[in-house]
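Read the structure below first, then the notes.
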Amino acid sequence: ATSGASIYYTTNGSTPTTSSALYTGPISVSSTTTVRAIAAATGRLSSSATQAVYTIVVVLRVTTTGNDTTGTGAAAAPYATPMKAAQAAALLPASTRVEIRVASGTYAMTGTANIAIGNSTSVLGGSNGTDWSTRDPVANVTQITDGRSGQANVFALTSCTSACGVDGFTVNPPNPLTSTYYVVGASGTTDGFIARLKVTVHANSNMFILASLGAGSPTISDNWLRADLGPSPNGSIYGLYVSGGTPRILRNDLRMVTP
């Protein structure tokens, strides 16, 4: 800026003027914020506005030894289930980007509810429970065992437009499946991701569907279905199948295995 100029800024995305807040020191933000600023000096035209986006990422941790009964929001202690962490994420300000990082181990689902994923929230398996900054779903297998009634979506992405998705889980559906089975539902999701899901489907099960998208268009990549062919599959139908929407589909695989 010109020597002697003053800096005026906004944090709500609007264009700053000389009536906006005067910059006098560090700006504190608690959620993802767009800061726009101009320089102004007496006798000169104000500069064009420049901007920077500050993204706040809240990490919620999940381990098999965690606790679902205490803490909300960005609690320091890990949660015990991805479902509870997702519920906590929904309590944070809408503009907050949330990563739910799940350590290796097996997590049981009961009842009828699913793991609800809102906008700017992602559920990520493959942490080792110690170093939460890295993930490896191959070395740190993170399993969801679905024992619910109704067989609703395991993961439900709702109205996601950015930084939203699920990655790095092995899903074990009920055995046998008695109806069409959906691992992910993505209602209204235009810019999410569904990646590295490994799903085991057993003999005598009906149609398997990876994702039911409605009109959504998330990226679907690196997922695979293992279909165990028993001695008497009775015409079972297996498929790595996506229903609805216009997804970007990359590198998915169907593997038929005879135990």
Side-chain angles (χ1 to χ4, degrees), residues 58 60 62 68 72-73 79-102 106-126 137 142-174 177-201 206-223 225 240-249 252:
V58 174
L60 303 182
V62 179
D68 278 352
T72 58
Y79 292 94
T81 62
M83 184 183 301
K84 186 64 176 181
Q87 292 170 354
L91 300 177
L92 296 172
S95 60
T96 304
R97 181 174 171 181
V98 183
E99 290 186 358
I100 298 172
R101 299 182 186 175
V102 186
T106 300
Y107 300 85
M109 294 185 71
T110 58
T112 58
N114 51 34
I115 300 170
I117 304 173
N119 195 42
S120 297
T121 297
S122 53
V123 183
L124 310 172
T142 309
Q143 300 191 68
I144 303 290
T145 297
D146 189 355
R148 299 169 301 157
S149 59
Q151 301 173 6
N153 304 319
V154 176
F155 302 95
L157 282 62
T158 303
S159 301
C160 297
T161 58
S162 65
C164 171
V166 54
D167 173 31
F169 290 90
T170 295
V171 176
N172 299 315
L177 292 176
T178 57
S179 63
T180 302
Y181 186 76
Y182 303 86
V183 175
V184 181
S187 173
T189 294
T190 58
D191 190 17
F193 59 88
I194 301 167
R196 293 188 291 182
L197 297 182
K198 176 182 176 182
V199 187
T200 299
V201 179
N206 290 325
M207 177 69 78
F208 162 86
I209 296 183
L210 173 66
S212 176
L213 304 180
S217 55
T219 298
I220 299 176
S221 63
D222 298 307
N223 300 285
L225 167 66
L240 192 62
Y241 178 57
V242 177
S243 173
T246 54
R248 299 172 291 277
I249 301 179
N252 297 281

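At least one side-chain heavy atom of Tyr181 sits under 4.5 Å from a side-chain heavy atom of Val171. Here the side chains of Arg148 and Val154 are in contact, with some heavy-atom distance below 4.5 Å. Inter-residue side-chain proximity for Ile100 and Tyr79 is flagged as unmet; no heavy-atom pair is nearer than 4.5 Å. For the pair Ile194 and Leu213, the minimum side-chain heavy-atom distance is below 4.5 Å. The shortest side-chain heavy-atom distance between Asp68 and Met83 does not fall under the 4.5 Å cut-off.
For the pair Thr142 (side chain) and Gly126 (backbone), a donor-acceptor distance under 3.5 Å is present. Looking at Asp222, its side chain never comes within 3.5 Å of a backbone N or O of Ala195 through a donor-acceptor pair. A distance-only check finds no donor-acceptor pair linking the side chain of Arg97 to the backbone of Ser122 [under 3.5 Å].
Pairing each heavy atom of Val98 with each of Ala89, the nearest pair is CG1-CB, 3.8 Å. Phe193 approaches Leu157 most closely through the heavy-atom pair O-CD2, 4.3 Å. The heavy-atom pair separating Asn172 from Gln143 by the smallest distance is ND2-OE1, 2.9 Å. Shown here for Ile220 and Pro247, the closest heavy-atom pair between the two residues is CD1-CB, 3.8 Å. Minimum heavy-atom separation, Val242 to Ile249: CG2-CD1, 4.2 Å. Across Cys164 and Ser120, no two heavy atoms sit closer than the pair CB-N, 4.1 Å.
Between Asp167 and Arg196 a salt bridge is recorded (basic side-chain N to carboxylate O distance below 4.0 Å).
The distance from atom OG of Ser221 to atom CG of Leu197, rounded to the nearest 0.5 Å, is 9.0 Å. Distance check, rounded to the nearest 0.5 Å: CD1 of Ile115 to CD of Gln87 gives 10.0 Å. The distance from atom OG1 of Thr158 to atom CG of Asn153, rounded to the nearest 0.5 Å, is 9.0 Å.
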Which is it for Phe169 and Val123 under the side chain to side chain contact (heavy atoms under 4.5 Å, CB included) test, yes or no, and what are the steps along the way? CA-CA 9 Å; Phe169 290 90; Val123 183; 3.6 Å; yes
